[in-house]
Amino acid sequence: MEACKIKQFVQTGKAFGSFFQSKLTIIIFLLAASLLTAGCSDVSPSTLDPKGPGAEEIALIWWVMFGLSAAVFGLVMVLLVIALFRSRSKQTDPNVNEQKLDRWFLIAGGIVMPLIVLGIVYYYAIWGMAVMAAPDPDENVVIEVIGWQWWWEVRYPNQKFTTANEIHIPVNERVKLQVTAYDVIHSFWVPELHGKIDMIPGQTNTFWIEANEPGVYYGECAEFCGIQHAKMAFLVVAEPAEEFNTWLEEQQQPAAEPSSELAQRGFELFFSEPLNCAECHAIRGTEAEGELGPDLTHLGSRRTLAAGIMPNNRGHLAGWIINPQNIKPGNLMPSTDLTGPELQELLAYLETLK
Ligand code: CUA
């Protein structure tokens, strides 16, 4: 049995040996391998498509490291090809002092080159860390973000309101973030704007983000936090100062009153058995002061539902209310068995919360 295995092993080795015996085969193999690893596509959001000073710094370090690695890889490949094509007779040329050459090679390749490469990387890493850590935040815009399984509570303490899953910031302004978590460790990450920051229960970490241009930037949780970790996203909306201030003012308003009879019935449904939505959700200006779920005061102003996983429209909202466990199994919101008319009433009320 053992002998058989050894024989097999030797045969496999021989097959590999003969495969690589031809220099042409090796070159083709290397070219194919480098082509296969070059499959970087145009996926957004990308850390290599920075839209803010934090992400720009990270992208710069990435390119420096990539450039250096490519240069070292290229050099090693050139040496490999030279070694392959060097004939045996030359290798034993009596005029060449092999020992001296070896030592020179060892000092240059083993000491000098790593010192230069690591020195450059070290410089960029230290410089980048200093830039990325620089607080210099506008104290006027402080945002507290709290990670929950699996959504984001967003508070604007100076303006005294709470929202969820959508963060608005003024463009070209460094905004201070204070992040923590309610249950388990999460990580706040907007790839186009900055790096990641851990959100740890019982601890507040300070961070900042800044966007160079107006836009909607995708953010996600970057720390495995349970079965719905992949469905824990959010949006950062960067706006010109005027639009941002209008948004702040709108968010500070209490919730709109039910505007129709249908909405009024939905309002009553919201507070009564068996739904008791107010146990978990807050709606400013009403008696709903629940703290376990997202604040719904201006639900209609948000672009997405259920932490960035689906667009905020009537259809998705209806699906979410009826069976949130089907869409995001394990989340805290229970499924309901509302009748058709009841659902319409509840939707009519929730849609007034603009
Ligand atoms: Cu929160 Cu992963």
Side-chain angles (χ1 to χ4, degrees), residues 43-52 54-55 58 62 132 142-157 161-169 175-211 216-238 280-282 290-296 299 302-312 316-317 319-321 323-335:
V43 179
S44 186
S46 167
T47 46
L48 297 183
D49 186 17
K51 298 282 166 43
I58 293 168
W62 190 90
M132 283 186 278
V142 179
I143 305 173
E144 294 171 0
V145 189
I146 300 142
W148 290 71
Q149 281 176 314
W150 296 275
W151 61 282
W152 313 79
E153 182 179 344
V154 181
R155 294 184 191 159
Y156 287 71
F161 71 85
T162 301
T163 179
N165 305 323
E166 192 170 304
I167 297 167
H168 286 237
I169 59 169
V175 172
K176 185 178 179 180
L177 290 179
Q178 288 183 314
V179 305
T180 185
Y182 174 77
D183 36 39
V184 298
I185 299 177
H186 302 269
S187 174
F188 180 99
W189 189 32
V190 190
E192 289 164 295
L193 299 187
H194 208 321
K196 302 164 184 172
I197 182 85
D198 272 353
M199 309 171 92
I200 301 164
Q203 180 182 322
T204 300
N205 285 341
T206 304
F207 199 53
W208 59 268
I209 46 169
E210 181 179 344
V216 179
Y217 302 100
Y218 179 80
E220 59 195 359
C221 181
E223 176 78 41
F224 181 74
C225 55
I227 51 170
Q228 297 302 333
H229 157 69
K231 287 185 182 168
M232 186 169 168
F234 63 99
L235 298 177
V236 172
V237 182
C280 299
H281 295 282
E291 288 177 348
L292 285 175
D295 184 294
L296 301 177
L299 171 70
R302 306 205 278 259
R303 288 164 172 76
T304 65
L305 289 174
I309 64 167
M310 51 194 190
N312 185 4
H316 283 108
L317 185 57
W320 178 255
I321 291 167
N323 199 349
Q325 291 305 319
N326 189 37
I327 297 167
K328 210 166 170 177
N331 86 83
L332 285 184
M333 174 129 160
S335 296

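The figures here come from the full heavy-atom set of this structure, side chains too, leaving out hydrogens, waters and symmetry mates. As the structure lists them, so they are numbered: ligands from 1, and atoms in each ligand from 1.
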Exercise. Can you check ring pair (Phe, Tyr, Trp, His ring centres under 6.0 Å) on F234 and F188, steps first, answer last?
Worked result: CA-CA 9 Å; F234 63 99; F188 180 99; 4.8 Å; yes
Problem set entry | H229, N/O/S atom nearest atom 2 (Cu) of ligand 1 | ND1
Seminar exercise, completed: Here the N/O/S atom of H186 closest to atom 1 (Cu) of ligand 1 would be ND1
For this session: Would you name the N/O/S atom of E223 that lies closest to atom 2 (Cu) of ligand 1?
Result: O
Problem set entry | atom 2 (Cu) of ligand 1 contact by C221, N, O or S atom under 2.8 Å | yes
For this session: Could you tell me whether atom 1 (Cu) of ligand 1 has an N, O or S atom of M199 under 2.8 Å away?
Result: no
Problem set entry | Donor + acceptor pair across side chains of N205, Q203 (<3.5 Å) | yes
Problem set entry | N323 and S335: side chain donor to acceptor below 3.5 Å | yes
For this session: State whether W208 and K176 meet the cation-pi test: NZ (Lys) or CZ (Arg) under 6.0 Å from the six-membered ring centroid, and within 45° of the perpendicular axis.
Result: no
Problem set entry | Lys/Arg N to Asp/Glu carboxylate O, D198 vs K196, below 4.0 Å | no
